[in-house]
Amino acid sequence: MATPVRKLVLNSGWIAAKADAVRQTGEELTTLNVVCTDGSDVFDAEEFRPGWIAAIVPGTILNTLVNAGVFPDPFYGLNNEEIPDIAHVGRGFYTYWFCTHFALPDLFSEGDGGVLSQCTRVWLQFNGINYSADVYLNGAKLVHPNPRGMFLRRAFDVTHVANFGGENRLAVLVHPPEHPGNVDGGGQGGDHDIAKDVTAQYVEGWDWIKPIRDRNTGIWDEVAVVLTGAVTLQNPHVVTVFEGSSLAKAKLHVSVEVTNASSAACHGRLTAQVIFNSDDDGFYVV
Amino acid sequence: EDVLSEEVDLEAGENHLHAFSPMLHENPQLWWPNGLGKQPLYTLQISFEAGVSNGAPCYMESDSCSCRFGFRKIETCVDETLGGGRRFFVNGHPLFIRGGNWIVSHGMLWLSRERYQTEVGFHADANLNMIRVWGGALAERPEFYDACDERGILVWQEFWITGDCNGRGVPPSDRNWPLDHELFILCVRDTVKMLRNHPSLAFWVGGNEQVPAEDVNNKLMKELRLAG
């Protein structure tokens, strides 16, 4: 996994609201100092206004709704029967806004500027969204070439909209799978429609589990803001190939994806280092 | 040994795969499955330091990344003398597979490192040495694989093809699902890149008890073999 220079994991402070209950657009939700019709601030999580609840990210919408007491825990008794199934209430019922805010240091001031300088780039990373999302930051809509798919990591270069030295507002409108299917007939996987999408299929129910009512819709894996320089590294790969049959010698074939995100040519030094994690809780460079 | 620095020139907007010169490593500590030995783990750290191009050797770290890996060799073959069953060898030693089936850690995807460590630990304590991750659920998370790396549990990871797209059922499903094959392959590529360094990852399977649609399966076979 990547260990960037600076990383801020966004796993707290999220609030959520059902999409059709929110009057603001994504741009409006993420514009500083937006005030709602009742006079409260969208991000005033201390006093949840009607329709906004504390959200669990990473997690699913059903997870958030259970946590907020809207629905009972589906894994106790027959509680699942009390939760509306997306097949009956429609995809809009489980289409939700997720919002949070975060601060970025002023990297261009005297203090931090020496570390990251003008080359700093800011990335907004989502490790898993089921099934698709519209993402807004500080009043701008962020566009990704592959918005759909449960098992796809996505990164946005948000350098141009990031607010250094102040607050940043993030809103994510999460849409359920496009073919949530009907489970009224029971059996293995209901009507199987979920398999038309690239998503988890057990959610239509199987011989060992009742249907998951929201089909696992949500921001289900880590969200993070990552600061790097102009050149980024992704997907390191190491292949060990033994020489001969003794297993006493091995060749390490190491590769990494290198991207120059800037508009200027760049010269630099790539360094790969192997460290052995010893049994005595210490470690040393081999 | 095991530290390598290489100078790189990048054009504006350039994106490329940089392959380091091979590094020779002597007497590696071998990673073994649960019950056969220890699970020593190594960490690979890669960093890029940008330098000023006007001749001044002023390097500043632009980005870094790391991954854990282990030294192990997994071989498998179908043995007709054993009824067509698949045999496994790790570091040259035959391994009797004692496997468990894995669906998902929590139905509302309430996942955590601690939960993965506990649940994978149960499998290891029960003397199992392989977990099959069923294709109807997830490509499991790196935290799951970290736990398997540390406890010596080999992983059989399936992609997202199940009885929901086997052409049977009432109403009948379609063997050509999912609808967007390119998206499926895109997700496979990203998943492979995310998980491929874990020593516990033993092999990929196209789907549950069946193969994906022909074009998808052909791409999987071709690209995964190339990656290997």
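Heavy-atom basis, side chains included; hydrogens, waters and symmetry copies ignored. The chains referred to below are lettered A, B, ... by the order of the sequence lines, with proteins before strands, and numbering in each begins at 1.
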Chemist: Should Arg132(B) and Glu158(B) count as an ion pair when the cut-off is N to O under 4.0 Å?
Modeler: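 Glu158(B) and Arg132(B): salt-bridged.
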Chemist: Taking the six-membered ring for Trp, are His25(B) and Tyr42(B) closer than 6.0 Å centroid to centroid?
Modeler: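 Centroid distance His25(B)-Tyr42(B): below 6.0 Å, so yes.
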Chemist: Heavy-atom distances under 4.5 Å only: say whether Ala261(A) touches chain B with side chain, backbone, both or neither.
Modeler: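 Looking at Ala261(A), nothing touches chain B.
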Chemist: Between Ile161(B) and chain A, which part of the residue has a heavy atom less than 4.5 Å away: side chain, backbone, both or neither?
Modeler: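 Backbone only.
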Chemist: By a 4.5 Å heavy-atom criterion (distance strictly below it), what part of Ser262(A) contacts chain B: side chain, backbone, both, or neither?
Modeler: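 For Ser262(A), the backbone is the part near chain B, not the side chain.
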Chemist: Enter the distance from His198(B):NE2 to Asp146(B):CG here, rounded to the nearest 0.5 Å.
Modeler: 5.0 Å
Chemist: Against chain A, label Arg141(B) side chain, backbone, both or neither, depending on which of its atoms sit under 4.5 Å from a heavy atom there.
Modeler: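 For Arg141(B), the side chain is the part near chain A, not the backbone.
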Chemist: Ring centres under 6.0 Å, that's the criterion: do Phe144(B) and Trp102(B) meet it?
Modeler: yes
Chemist: Heavy-atom cut-off 4.5 Å, strictly under: side chain, backbone, both or neither for Val188(B) against chain A?
Modeler: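 For Val188(B), no heavy atom lies under 4.5 Å from chain A.
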Chemist: Can a salt bridge be assigned to the pair Arg115(B) and Glu143(B) using a cut-off of 4.0 Å between side-chain N and carboxylate O?
Modeler: no
Chemist: Answer yes when Asp63(B) and Arg6(A) have at least one side-chain N-carboxylate O distance shorter than 4.0 Å, and no when they do not.
Modeler: no
Chemist: Please round to the nearest 0.5 Å and tell me the distance separating atom CD1 of Ile86(A) and atom OH of Tyr94(A).
Modeler: 7.5 Å
Chemist: Which pairs pass ring-ring contact (aromatic ring centres under 6.0 Å, His included) with one or both residues in residues 167-190 of chain B, sequence neighbours excluded?
Modeler: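 For residues 167-190 of chain B, and leaving out neighbouring residues, the ring-ring contact (aromatic ring centres under 6.0 Å, His included) pairs sorted by first residue read Trp160(B)-Phe184(B).
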Chemist: Quick one: of His179(A), Arg269(A), Gln201(A), who has the most non-hydrogen atom pairs under 4.5 Å with chain B?
Modeler: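 Most heavy-atom pairs under 4.5 Å with chain B: Arg269(A).
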Chemist: Can you list the residues of residues 201-216 of chain B that sit under 4.5 Å from chain A, counting heavy atoms only?
Modeler: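 The residues closer than 4.5 Å to chain A amount to none at all.
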Chemist: Picking from Thr259(A), Leu252(A), Val66(A), which has the most non-hydrogen pairs under 4.5 angstrom with chain B?
Modeler: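 Winner by heavy-atom pair count: Leu252(A).
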Chemist: Does a salt bridge link Arg148(A) with Glu178(A), judged by any charged N lying under 4.0 Å from a carboxylate O?
Modeler: yes
Chemist: I'd like to know which of Gly107(B), Gly70(B), Gly163(B), Gly169(B) tops the heavy-atom pair count under 4.5 Å against chain A.
Modeler: Gly107(B)
Chemist: Can you say whether the rings of His18(B) and Phe20(B) are parallel (under 30°), tilted (30 to 60°) or perpendicular (over 60°)?
Modeler: perpendicular
Chemist: Measuring heavy-atom distances to chain B, does Phe75(A) have an atom under 4.5 Å in its side chain, in its backbone, in both, or in neither?
Modeler: side chain
Chemist: Highest number of heavy-atom pairs under 4.5 Å with chain A: which of Ile103(B), Val104(B), Leu4(B), Thr191(B)?
Modeler: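 The option with the most such pairs is Leu4(B).
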Chemist: Which bit of Ile194(A) comes within less than 4.5 Å of chain B, counting heavy atoms only: side chain, backbone, both or neither?
Modeler: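 Just the side chain, heavy atoms under 4.5 Å.
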Chemist: Does a side-chain N-to-carboxylate-O contact under 4.0 Å join Arg68(B) and Glu150(B)?
Modeler: yes
Chemist: Test salt bridge (charged side-chain N to carboxylate O under 4.0 Å, His left out) on Glu82(A) and Arg213(A) and set out the steps.
Modeler: CA-CA 10 Å; Glu82(A) 298 178 27; Arg213(A) 299 311 193 184; over 6 Å; no
Chemist: Taking side chain to side chain donor-acceptor pair (under 3.5 Å) as the criterion, tell me which of Asn216(A), Thr217(A), Thr199(A), Asp221(A) meets it with Asn130(A).
Modeler: Thr199(A)
Chemist: In plain terms, say whether Glu204(A) and Lys210(A) are close enough for a salt bridge, that is, a side-chain N and a carboxylate O under 4.0 Å apart.
Modeler: no
Chemist: Taking only Lys NZ, Arg NE, NH1 and NH2, and the carboxylate oxygens of Asp or Glu, determine whether Lys196(A) and Asp193(A) approach each other closer than 4.0 Å.
Modeler: yes
Chemist: What part of Leu30(B) is in contact with chain A, defined as an atom under 4.5 angstrom from a non-hydrogen atom: side chain, backbone, both or neither?
Modeler: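 Side chain only.
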Chemist: Counting heavy-atom pairs under 4.5 Å to chain B, which of Gly189(A), Ala272(A), Gly190(A), Cys266(A) comes out on top?
Modeler: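 Answer, by heavy-atom pair count under 4.5 Å with chain B: Ala272(A).
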Chemist: Considering only heavy atoms and a distance below 4.5 Å, find which of Phe159(B), Trp110(B), Phe71(B) pairs most often with chain A.
Modeler: Phe71(B)
Chemist: Find the one option among Glu11(B), Lys73(B), His106(B), Glu14(B) whose heavy-atom pairs under 4.5 Å with chain A are most numerous.
Modeler: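 With the most close heavy-atom pairs to chain A, the winner is Glu14(B).
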Chemist: Tell me, side chain or backbone of Gln188(A) under 4.5 Å from chain B's heavy atoms, or both, or neither?
Modeler: backbone
Chemist: So for Leu152(A), is it side chain, backbone, both, or neither that comes closer than 4.5 Å to the heavy atoms of chain B?
Modeler: both
Chemist: What part of Thr240(A) gets within 4.5 angstrom of chain B, counting heavy atoms only: side chain, backbone, both, or neither?
Modeler: side chain
Chemist: Of the listed residues (Ala137(B), Ser21(B), Pro172(B)), which shares the most heavy-atom pairs with chain A below a 4.5 Å separation?
Modeler: Ala137(B)
Chemist: Where does Asn235(A) contact chain B at under 4.5 Å (heavy atoms): side chain, backbone, both or neither?
Modeler: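 When you check distances to chain B, atoms from both the backbone and side chain of Asn235(A) fall under 4.5 Å.
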Chemist: Might you point out which heavy atoms bring Pro180(A) and Pro177(A) nearest each other, and give the distance in Å?
Modeler: CD-O, 3.5 Å
Chemist: Quick check on the interface: out of Ala139(B), Ser47(B), Ala19(B), who has the most heavy-atom pairs with chain A under 4.5 Å?
Modeler: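 Top count of heavy-atom pairs under 4.5 Å with chain A: Ser47(B).
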